[in-house]
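Heads up, the thing below is written out as structure tokens.
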Amino acid sequence: MVSASSEKSRPGLLDGLDPEQRAAASAPRGPVCVLAGAGTGKTRTITHRIAHLVAAGHVSAGQVLAVTFTTRAAGEMRTRLRGLGIDAAQALTFHAAARRQLRYFWPRVIGDRPWDLLDNKFRLVAQAATRVRLSTETEVLRDLSSEIEWSKASLVSPDDYPAVAARMQRDTPAPAAQVAEVYRQYEEIKNSAQVLDFDDLLLHTTAVLEEHEAVAVEFRDRYRCFVVDEYQDVTPLQQRLLDAWLGGRDDLTVVGDANQTIYSFGGASPRPLLEFTRRFPEASVIRLERDYRSTPQVVSLANQVIGAARGRPAGSRLKLVGQRPPGPEPRFAEYEDEAAEAAAAARRVRELLDGGATASEIAVLFRINAQSEAYEQALTEAGIPYLVRGGERFFSRTEVRQAMSALRVASGDPTGPDLVTAVRSALAKVGLTEQPPAGGAAKERWDALLAIVELAEELASSVADADLPRFVAELDQRAAAQHPPTVEGVTLASLHAAKGLEWDAVFLVGLSEGTMPILHADGDEAAIEEERRLFYVGVTRAREHLSLSWSLSRTPGGRRNRRRSRFLYGLIPEDHPAARVARSQGKPSAGVTARCRLCGGPLLETMEVKLGRCSRCPSTVDEGLLEKLKTWRGERSRELKVPAFVVFTDATLMAIAEQRPTDDGALVSISGIGATKLERFGAEVLDVVRTAMRS
């Protein structure tokens, strides 16, 4: 309960929060778990909680450490805390917090100069791979680096890696023993060079706190209250660091949504979130389900998407309730090829822009970065500015570096116009004009400078007497945290990169089997469910306009052998043209439940859809054909030097042996066989089937 004295300390502090947000913000000091669905105002809630704890005298602002997973999220948290008058609280990413702490304690614990931080581990991984006589091709090094990162995030040592990889059935880029040796050699090379990678920041900080009592006492006296955002994405290493920070205390608030766990490949797990009340039985648990971001139409679709998930733990069963006025229904569209799909998206973007939308409030989201190219080309041809999220960093751009230099010079001038006027005056010297250029690179540079002016306007509106030196310090802090302002242009981004962001209009593109869900997830129920959550994240990025599309062929005139994503089943209205086209072609509509080919009953399980029959009907598998298919798969996997399931999963072979396809159309109708698999293995598989049927 909130005491009367605490309410008097900051009148109106909790005004404007809904009942659930208010309950979370004013919960008693101690363990608090906030289960917060997409768009439910979690950042607003936890920043008000921090402000309330400070105002109530439970903790001083300087004793608060709030951590999250992206620099943008940390920057937004700092901005909101500053707006609430809480300047001294720390809001950082896990890695940024650990880096600060390690730098501070290093002289006392290690005694010499701090080791440098690696920007990229590729060079050292290449050296380690060479020692183990493995390939140093870019893709191999990328996969090896990912395995090392997963191992360290999961607290798996080189010695333990082979056994853990086998137990977890990891798709390793080389035999597990060799990966372990690359990992071991990498650590030796890195330590000899006296450099750290990003995971070392967490590992070493944890070790310092666990092994040096005096350091731990000093740290725990400095920080008394902890807040963790996006707690569903915590890794074992991050959890161990958090435990070291806490030191047995329980003044901890965690916020998360297990429906948005999308980083399992990096070691993340929702288990600490779902088991929070087991660890802290006295914890307050508050559920935020009022969605203030999206229209009821978008919210309804999102609930349908995640409602179809299998094996959802009780703690993840949040059902969003839309709070905004009604909006347009989500759009669904099927296209002949990727180019047509991209061109249609560009035309719709132009319609939105002509209707008054701003480019920065529109996003095109895809499963893999390689899909970006078609949309870059289509938007360019339509004369629409765009930004590729993950491209050149804002603070690395030449015009931005020049702008910051000009502002530093101007900040030394004792004459004092208001902040925004001073910023505009300084930036006029590096190219900011009253009117924007017509377009092209000049317009992009102008937009970047204008974004800096808008940051100045934001600071001036939230901080009384903000001046140029304060603004320069703000920019330096943003640059260090890589927290850029918004620059005008349509955002192109992968679904993973879109996490934590939102737009008025979202285009979810390339929603075909093999891409969404991604091909390598097929046959692995846990991986498929993570792909479903990723799709859910994409849907919940949209505030008002949501378009979902797929294409039947990769290139114009190519084989029309793609099928829409299984995640679209049950979403498309019965009377939608795309649903009618599917029925006319004899395919199960995305708006109609797939039916058993034997009894006609509905197919509800992933495996049932793949086999084309329900679990109640007897198997029609040709055992001889199945054995021949497995023999063929083994030969091909050895030739290609890949695990057998990369060629085809056992489930896909079972479906082939049951349905015995004799042409491309029948083969591609089997789940797990898309355009790439058909082109690479289709003729061989059909030959195996025909040979078996003749014998």
Side-chain angles (χ1 to χ4, degrees), residues 70-72 74-76 78-79 93 96 116-120 122-123 198 358-364 369 372-373 375-377 379-413 417 419-460 466-494 497 501:
T70 68
T71 53
R72 176 177 288 275
E76 181 183 354
R78 286 195 298 272
T79 299
T93 65
D116 293 330
L117 184 64
L118 278 173
D119 286 332
N120 189 313
F122 262 38
R123 183 175 58 84
F198 279 94
T358 57
S360 60
E361 290 298 344
I362 301 173
V364 177
N369 289 321
S372 176
E373 184 178 357
Y375 295 89
E376 293 179 46
Q377 182 175 340
L379 292 172
T380 298
E381 291 174 353
I384 298 171
Y386 65 85
L387 303 166
V388 180
R389 186 162 178 80
E392 183 183 17
R393 290 183 171 181
F394 180 83
F395 290 102
S396 299
R397 295 171 62 167
T398 301
E399 64 271 17
V400 174
R401 293 201 304 269
Q402 291 172 342
M404 292 180 70
S405 178
L407 289 169
R408 287 192 189 92
V409 171
S411 68
D413 188 343
L419 175 59
V420 177
T421 301
V423 170
R424 280 190 171 275
S425 176
L427 298 191
K429 299 173 184 177
V430 293
L432 182 66
T433 56
E434 287 298 321
Q435 298 299 320
K443 176 64 162 58
E444 290 183 16
R445 290 192 292 271
W446 188 90
D447 284 339
L449 297 177
L450 183 65
I452 295 176
V453 174
E454 290 170 349
L455 281 181
E457 292 171 344
E458 179 185 313
L459 182 65
D467 56 12
L468 203 50
R470 170 70 183 266
F471 181 60
V472 170
E474 169 81 4
L475 286 179
D476 286 339
Q477 186 178 42
R478 280 177 169 264
Q482 284 301 325
H483 178 212
T486 299
V487 179
E488 198 57 37
V490 174
T491 299
L492 301 180
S494 70
L501 304 176

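Numbers here are sequence positions counted from 1.
With sequence neighbours left out, the salt bridge (charged side-chain N to carboxylate O under 4.0 Å, His left out) criterion links E361 to R543. With sequence neighbours excluded, no residue forms a side-chain hydrogen bond (donor to acceptor under 3.5 Å, both in side chains) with E373. Every residue two or more places apart in sequence or in another chain was checked for a side-chain hydrogen bond (donor to acceptor under 3.5 Å, both in side chains) with S405, and none qualifies. Listed by chain and residue number, W446 satisfy the side-chain contact (heavy atoms from CB on, under 4.5 Å) test with T433 (two or more places apart in sequence, or in another chain). Residues satisfying the side-chain contact (heavy atoms from CB on, under 4.5 Å) test with A406, not counting sequence neighbours, are V430.
A422 approaches P417 most closely through the heavy-atom pair CB-CG, 3.9 Å. In plain terms, the two heavy atoms of S494 and N369 that are nearest each other are CB-OD1, 3.6 Å. Nearest heavy-atom pair across P469 and S411 is CG-O, 3.9 Å.
If you take CG on L118 and CZ on R123, they are separated by 7.5 Å, rounding to the nearest 0.5 Å. One distance of note links CZ of F471 with CG of L475; it measures 4.0 Å at 0.5 Å rounding. Rounded to the nearest 0.5 angstrom, E457 CD and R424 CZ are separated by 6.5 Å. Rounded to the nearest 0.5 angstrom, E454 CD and L459 CG are separated by 14.0 Å. Distance OH/Y375 to CG/L492: 10.0 Å, rounded to 0.5 Å. Taking CD of Q402 as the start and CG of L449 as the end, the distance is 8.5 Å to the nearest 0.5 Å.
Inter-residue side-chain proximity for R72 and L501 is flagged as met; some heavy-atom pair is nearer than 4.5 Å. Side-chain contact check for M404 versus V472: every heavy-atom pair is 4.5 Å or farther apart. No side-chain heavy atom of L387 sits under 4.5 Å from any side-chain heavy atom of V490. In this structure, the side chains of L407 and I452 come closer than 4.5 Å at one or more pairs of heavy atoms. Side-chain contact check for T79 versus E76: every heavy-atom pair is 4.5 Å or farther apart.
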>> T491 vs S360, test: side chain to side chain contact (heavy atoms under 4.5 Å, CB included). Steps then yes/no.
In response: CA-CA 7 Å; T491 299; S360 60; over 6 Å; no
> Could you walk me through whether T380 and Q377 pass the side chain to side chain contact (heavy atoms under 4.5 Å, CB included) check?
Replying inline: CA-CA 5 Å; T380 298; Q377 182 175 340; 5.7 Å; no
>> With side chain to side chain contact (heavy atoms under 4.5 Å, CB included) as the criterion, how do L455 and E474 come out once you've worked through the C-alpha distance, each side chain's angles and the decisive distance to 0.1 Å?
In response: CA-CA 9 Å; L455 281 181; E474 169 81 4; 6.0 Å; no
>> Determine whether V453 and L432 satisfy the following criterion, side chain to side chain contact (heavy atoms under 4.5 Å, CB included), listing intermediate values before the conclusion.
In response: CA-CA 10 Å; V453 174; L432 182 66; 3.6 Å; yes
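More than 12 heavy atoms of other residues, nucleotides or ligands shown are found within 6.0 angstrom of CG on N120.
Each salt bridge (Lys or Arg N to Asp or Glu O under 4.0 Å) pair with one or both residues in residues 402-411, not counting sequence neighbours, appears once here: R408-D476.
A side-chain contact (heavy atoms from CB on, under 4.5 Å) with V423 is found for exactly one of T421, L427, V420, namely L427.
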